Participant: 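Attaching a single structure in structure tokens format; questions to follow.
Heavy-atom basis, side chains included; hydrogens, waters and symmetry copies ignored. Everything quoted here is computed from the prediction, not taken from an experiment. The chains referred to below are lettered A, B, ... by the order of the sequence lines, with proteins before strands, and numbering in each begins at 1.
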Number of protein chains: 2
Amino acid sequence: MSDTNKLTQLIVEFFEKLASWEHCIVRDKGLTLPQIHALEILGTHKALRMKELAERMGVTTGTLTVLADRLEKGGMIRRKPHKADRRSILVELTDQGQVLFKEHDELHNQLTRDITVGLSDTERKMFADILEKLNREF
Amino acid sequence: MSDTNKLTQLIVEFFEKLASWEHCIVRDKGLTLPQIHALEILGTHKALRMKELAERMGVTTGTLTVLADRLEKGGMIRRKPHKADRRSILVELTDQGQVLFKEHDELHNQLTRDITVGLSDTERKMFADILEKLNREF
DNA sequence: TCGTGTAGTTTGATAGTCAAGGTAAAAAGT
DNA sequence: ACTTTTTACCTTGACTATCAAACTACACGA
């Protein structure tokens, strides 16, 4: 097997494990993956237009409308008018959504610590550098 | 911001990009993420029992039943009886499913090549080593 | 053989998803 | 200024994913 094949398998395995972990975590909180995904994006971007959020999530605005309805009903997000463009609607986290986001973000950090526990400082730095390069190439 | 936070962000960004890529790829083929996920697992494991496949996918057997129905109707997989245990059912790829799996697998390899194009041989090897360690810790 | 556990299916309820169509507002063209 | 086109969001209809719970058939141990 080529080096590329092996590396691909390692990436796929890593990806699957991350996905599975996220899935279990959010299910315990009564949320779904798309819902927490929206909260994650809003948590790092303050207010976003529906259109922008939909694009970042990779879904249509129609899909986002119903998703946002549910999150709004659950008290996680808030819609507010866009001053400059009356077609647009801004979405932002409520206080409750902020709390949830921060909790979830801390879980991510804890996971990072857990899985990198066997790495040396050099390796951890190397890993960060490599990820930065990969993200640029995407 | 701590090193852990930064590393977490890099991992999340990498994960999101992988998910988005996979999403776009399978949509072009008229498949869904869970469907291609099942094909990927079956592609590397020959025949699996429904129960085993469900566990690897992280879904209940009820969910897998309807998923398998659709894949079977689409000619991607085949159910066949389990010789030793008549409660169990084995699932395996059809020839058509095999072709699809190999095509998709090759796309993964191509993606690996594309995103690691900026890495040196040393970095690529280091990346593989680190991923192996992380996958073990999971 | 009888009770308990297991594999898979079915069903009902809830979510996610898209495409297509609708409405209102902005932007562009004339 | 007026018309046309584009954009942003919502709605609807159809399909898929998902789980929990109930159900069937089989296995396995006491």
Participant: Mind checking salt bridge (Lys or Arg N to Asp or Glu O under 4.0 Å) for B:Asp28 and listing every partner two or more places apart, or none if nothing turns up?
Facilitator: none

Participant: Within residues 22-51 of chain B, find the residues that approach DNA chain D with a heavy atom at under 4.0 Å, and present them sorted by residue number.
Facilitator: B:Thr32, B:Pro34, B:Gln35

Participant: Between the side chains of B:Thr4 and A:Asn109, does any donor sit under 3.5 Å from an acceptor?
Facilitator: no

Participant: With heavy atoms of chain B within less than 4.0 Å as the criterion, where does contact along DNA chain C begin and end?
Facilitator: C:dG5 to C:dA19

Participant: Near DNA chain C, which residues from residues 52-64 of chain A have a heavy atom under 4.0 Å away?
Facilitator: A:Gly58, A:Val59, A:Thr60, A:Thr63

Participant: Using links of under 4.5 Å between side-chain heavy atoms of ILVMFWY residues, direct or through other members, which residues join A:Val99 in one cluster?
Facilitator: none

Participant: Look at the side chain of A:Lys133 and the backbone N and O of B:Thr116, then say whether any donor-acceptor pair between them is shorter than 3.5 Å.
Facilitator: no

Participant: For the helix from C:dT1-D:dA30 to C:dT30-D:dA1, figure out the bend between the end axes, five pairs an end, and round to 10 degrees.
Facilitator: 20°

Participant: Surrounding CG of B:Asp3 (heavy atoms of other residues, nucleotides or ligands, distance under 6.0 Å), is the total greater than 12?
Facilitator: no

Participant: Is there a residue in residues 68-91 of chain B whose heavy atoms reach under 4.0 Å of DNA chain C, and which residues are they?
Facilitator: B:Arg79, B:Arg87, B:Ser88, B:Ile89

Participant: Residues two or more places apart in sequence or in another chain: which of them pass salt bridge (Lys or Arg N to Asp or Glu O under 4.0 Å) with A:Asp129?
Facilitator: A:Lys125

Participant: Which residues pass the salt bridge (Lys or Arg N to Asp or Glu O under 4.0 Å) test with A:Glu92, sequence neighbours left out?
Facilitator: A:Arg78, A:Lys80

Participant: List the residues meeting salt bridge (Lys or Arg N to Asp or Glu O under 4.0 Å) with B:Arg113, not counting sequence neighbours, and say none if there are none.
Facilitator: B:Glu106

Participant: Regarding B:His37 and A:Glu16, is there a side-chain donor-to-acceptor distance under 3.5 Å anywhere?
Facilitator: yes

Participant: Per the side chain to side chain donor-acceptor pair (under 3.5 Å) rule, which among B:Thr61, B:Thr65, B:Thr60 passes with B:Thr63?
Facilitator: B:Thr60

Participant: Consider only side-chain N and O atoms of A:Gln110 and A:Asp114, and report whether a donor and an acceptor are under 3.5 Å apart.
Facilitator: yes

Participant: Could B:Glu132 and A:Lys6 be called an ion pair, given the rule that one side-chain N must be under 4.0 Å from one carboxylate O?
Facilitator: yes

Participant: Got a sec, which pairs hit ring-ring contact (aromatic ring centres under 6.0 Å, His included) with one end in residues 67-117 of chain B, sequence neighbours left out?
Facilitator: B:Trp21-B:His108, B:His104-B:His108

Participant: Establish, from distance only, whether the side-chain atoms of A:His45 and A:Glu52 form a donor-acceptor pair under 3.5 Å.
Facilitator: no

Participant: Looking at residues at least two apart in the chain, or sitting in another chain, which of them share a side chain to side chain donor-acceptor pair (under 3.5 Å) with A:Gln35?
Facilitator: none

